[in-house]
Amino acid sequence: LGGKRVGAEDVLIGKTAPAKSAIISSIQTGLIAEMPVKEGDFVRSGQVVVQLESDLQRAALAITTSKAESKIEIQAAQTRFEETQRKYDRLKNLINEAAASKDEFADATSRLILARRELELAQFENAQALRQLRFDEVRLNERTLTSPIDGYVVELFKQQGEAVDQIEPVLHVVQIDPLHIQLDCPLEKHGKIHVGDQADVRLGKDRGPLREGKVIFLSKLGNPGSHTFRMKIEVPNPQHDWIAGMKVWVTLKDRQVVKKDSAPRAPLLPTATEVRRRPCCSLMIWTNSLISTMRNPKSFFATWKLGSAHV
């Protein structure tokens with residue numbers, strides 16, 4: 001049995017909105033040294049849009065890098081420890097032979113412990129320098145602002161040379177491919193529309209270019225005042241010719257399926273061969289089939305012909 005999609009069409013009015021919107025801010029304070037973009041420019045994800053002055057941070061990073069890469073303090077502490085270890089071993093042999101005093105051996109033991117601590121301290125300070133290096137690298141990278149999305153620069157809140165405070169907006173980027181259609185749908189349609197359903201979107205009620213969208217969001221929270229619930233439809237916009245904020249007309253259809261042939265089919269009558277093989281069972285089948293088919297006179301003769309065709 002086949003089926004087809006039918007249902008009453010509903011035209012709803014909505015508006016286009018960016019699929020993604022990003023207001024780019026800085027988490028550090030400073031002066032804007034470079035702003036290589038302007039309003040209306042298209043930017044790619046990861047593209048540099050703002051560069052804060054970072055001469056001081058670069059100088060600090062150079063100092064930290066030299067400390068992290070230098071192994072002089074560790075090597076010096078290692079040499080002192082190895083020399084102290086040799087003196088300790090020599091005095092240990094002498095005290096076993098009663099050729100050195102206990103005070104000399106105790107002093108050598110203390111010096112060995114101190115040399116070991118100095119080596120451990122040098123290794124710890126080198127590890128700290130590596131951590132500081134990573135910290136300074138992150139802080140320097142934070143002074144370079146990049147776009148998190150592919151989209152258009154729609155607004156600049158700051159200009160080159162101006163100061164920026166922490167978490168202060170610098171520019172606004174929106175992604176319009178795809179576009180989202182935001183609209184309010186009547187509550188009686190809840191349960192009849194599903195995520196993934198198709199919808200026709202036009203710039204005019206009965207005119208304008210037609211695009212096919214897809215339902216991507218259905219709110220679980222209704223508005224009792226307007227008897228509606230929020231819905232979002234995603235529409236491809238590869239040419240970027242539709243912009244955000246446009247009024248659109250959306251046509252939806254209910255998800256109902258009507259069968260092409262809904263008439264009940266009467267059971268087949270047993271053939272003459274089946275009657276000879278299983279007379280008792282076949283007799284019961286014949287009786288039940290005749291009762292069923294007599295209830296539907298229109299299908300009786302069709303069923304008889306179909307059963308007789310097997311004889």
Side-chain angles (χ1 to χ4, degrees), residues 14-69 127-182 195-196 201 209 211-217 230 232-246 248:
K15 67 176 182 178
T16 59
K20 294 180 181 179
S21 176
I23 297 179
I24 301 174
S25 305
S26 173
I27 62 176
Q28 295 190 34
T29 60
L31 293 177
I32 298 178
E34 297 179 13
M35 183 175 283
V37 297
K38 61 182 183 298
E39 289 182 341
D41 285 354
F42 181 80
V43 295
R44 293 289 184 183
S45 176
Q47 180 178 335
V48 176
V49 293
V50 175
Q51 178 64 60
L52 301 182
E53 287 189 354
S54 54
D55 293 341
L56 181 62
Q57 288 73 17
R58 293 183 188 278
L61 179 62
I63 296 173
T64 308
T65 302
S66 62
K67 289 182 178 180
E69 293 177 350
Q128 286 292 88
L130 290 173
R131 297 186 185 96
Q132 184 65 40
L133 174 61
R134 288 193 289 269
F135 176 80
D136 289 346
E137 288 175 343
V138 172
R139 296 290 290 177
L140 179 60
N141 292 334
E142 287 175 349
R143 303 188 72 80
T144 302
L145 307 185
T146 60
S147 175
I149 59 176
D150 293 345
Y152 288 91
V153 178
V154 295
E155 188 173 4
L156 298 178
F157 304 105
K158 292 289 184 178
Q159 298 293 334
Q160 184 174 343
E162 293 184 338
V164 178
D165 292 330
Q166 287 183 331
I167 317 300
E168 185 177 10
V170 180
L171 56 87
H172 187 192
V173 180
V174 296
Q175 177 181 327
I176 60 172
D177 181 28
L179 272 176
H180 284 178
I181 310 298
Q182 300 176 348
V195 172
V201 181
R211 293 189 183 180
E212 188 174 82
K214 179 177 64 176
V215 177
I216 60 171
F217 169 75
R230 290 195 311 117
K232 287 184 181 180
I233 297 174
E234 186 176 88
V235 178
N237 189 31
Q239 303 300 323
H240 302 168
D241 49 345
W242 285 17
I243 64 174
M246 300 172 65
V248 293

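In this text the structure is predicted, and so the values were computed from the model without any measurement. When reading the values below, keep in mind they use all heavy atoms of this one structure, side chains included, and skip hydrogens, waters and symmetry mates.
In this structure, the side chains of D150 and S45 come closer than 4.5 Å at one or more pairs of heavy atoms. Between S26 and V50, every side-chain heavy-atom pair lies at or beyond the 4.5 Å cut-off. At least one side-chain heavy atom of L52 sits under 4.5 Å from a side-chain heavy atom of I32. Contact annotation: the side chain of F217 never approaches that of E234 to less than 4.5 Å [non-hydrogen atoms, C-beta and beyond].
With sequence neighbours left out, E142 forms a salt bridge (Lys or Arg N to Asp or Glu O under 4.0 Å) with R139. Legend: residues meeting ring pair (Phe, Tyr, Trp, His ring centres under 6.0 Å) with F135, ordered by chain and number and at least two apart, are absent. For the side chain to side chain contact (heavy atoms under 4.5 Å, CB included) test, residues two or more places apart in sequence or in another chain that qualify with Q57 are S54, L140, R143.
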Below 3.5 Å, can you tabulate the donor-acceptor pairs from side chains in residues 238-246 to any protein atom, sequence neighbours excluded?
residue : atom : partner : partner atom : Å
H240    : ND1  : Y152    : OH           : 2.8
D241    : OD1  : R211    : NH2          : 2.7
D241    : OD2  : R211    : NH2          : 2.8

Contacts table for residues 164-175: side-chain donor-acceptor under 3.5 angstrom, sequence neighbours left out:
residue : atom : partner : partner atom : Å
Q166    : NE2  : I27     : O            : 3.2
E168    : OE1  : D165    : N            : 2.8
E168    : OE2  : K158    : NZ           : 3.0
H172    : NE2  : S21     : OG           : 2.6
Q175    : NE2  : D177    : O            : 3.0

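Counted within 6.0 Å of CD on E34, heavy atoms from surrounding residues, nucleotides or ligands total 12 or fewer; the atom is thus considered open.
Here the CG atom belonging to N237 is positioned 11.5 Å from the NE2 atom belonging to H180, to the nearest 0.5 angstrom. Taking CZ from R131 and CD from Q128, the interatomic distance works out to 4.5 Å, rounded to the nearest 0.5 Å. Between the CZ atom in R44 and the OG1 atom in T146 there is a gap of 15.0 Å [rounded to 0.5 Å]. Between atom CD of residue Q132 and atom OG1 of residue T65 there is a gap of 10.5 Å, rounded to the nearest 0.5 Å. Distance check, rounded to the nearest 0.5 Å: CD of E162 to CG of L31 gives 10.0 Å. The distance from the CD atom of Q51 to the CD atom of Q160 is 11.0 Å, given to the nearest 0.5 Å.
The heavy-atom pair separating L156 from V37 by the smallest distance is CD1-O, 4.3 Å. Scanning all heavy atoms of the two residues, the minimum distance from A17 to Q182 falls at CB-NE2, 3.6 Å. Residues A19 and P178 come closest through the heavy atom pair CB-O, 3.0 Å.
With hydrogens and angles left out, the side-chain atoms of N141 and E137 include no donor and acceptor closer than 3.5 Å.
Residue pairs that meet the salt bridge (Lys or Arg N to Asp or Glu O under 4.0 Å) test with at least one member in residues 46-56, sequence neighbours left out, do not exist here.
Remark: side-chain polar atoms of D136 are not paired, donor with acceptor, to backbone N or O of L133 under 3.5 angstrom.
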